[in-house]
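Data block below; observations after.
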Amino acid sequence: LEGRILAGLSAPQMQASFQKRRIDGARLQVASLAEVKSLATRDPAVIECWDARHQRPYYFHKKTAKVAWTLEELAETQPVAESANQGKSDGSGDGSGAPIDLAN
């Protein structure tokens with residue numbers, strides 16, 4: 001339903017709204033208003049995953065490849081794209097400091 005909130009609708013109205021907009025593979029998720037607000041403000045590049053070994057969720061940032069147990073930890077780290085573009089605006093990279101070792 002592309003982020004639509006069905007709060008305040010009767011059960012038949014919710015069903016009709018869902019049926020009208022459904023596509024193959026669409027899922028209906030029930031969430032509290034606080035959770036919906038949190039999800040609406042979250043970076044779309046951050047996905048929640050499940051660690052079977054520790055039996056808890058963790059978060060992965062698709063653009064930076066950073067992983068953290070909490071969203072706060074993920075927000076504290078500077079994105080790789082920002083740190084890699086600290087050189088001159090002409091693209092020469094001069095003045096950016098030491099090179100980044102991607103192997104380690």
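Owing to the predicted nature of the structure, the values given are computational and were not obtained by experimental measurement.
Taken to the nearest 0.5 Å, the CZ atom of R56 stands 13.0 Å off from the SG atom of C49. Of the inter-residue distances, the one linking L74 atom CG with Y59 atom OH reads 10.0 Å to the nearest 0.5 angstrom.
Closest approach of A52 and Q55 over heavy atoms only: O-NE2, 2.5 Å.
By the rule that hydrophobic residues join a cluster once side-chain heavy atoms approach within less than 4.5 Å of another member, I47 and Y58 end up as members of one cluster.
Inter-residue side-chain proximity for F60 and K66 is flagged as unmet; no heavy-atom pair is nearer than 4.5 Å. D51 places a side-chain heavy atom less than 4.5 Å from the side chain of W69.
More than 12 heavy atoms of other shown residues, nucleotides or ligands fall within 6.0 angstrom of atom CD in E48.
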Show me the donor-acceptor pairs within less than 3.5 Å that the side chains of residues 36-45 make with the rest of the protein, sequence neighbours left out.
unit_1 : atom_1 : unit_2 : atom_2 : d
T41    : OG1    : K37    : O      : 3.3
T41    : OG1    : S38    : O      : 3.1
D43    : OD1    : A45    : N      : 3.0
D43    : OD2    : H61    : NE2    : 2.9

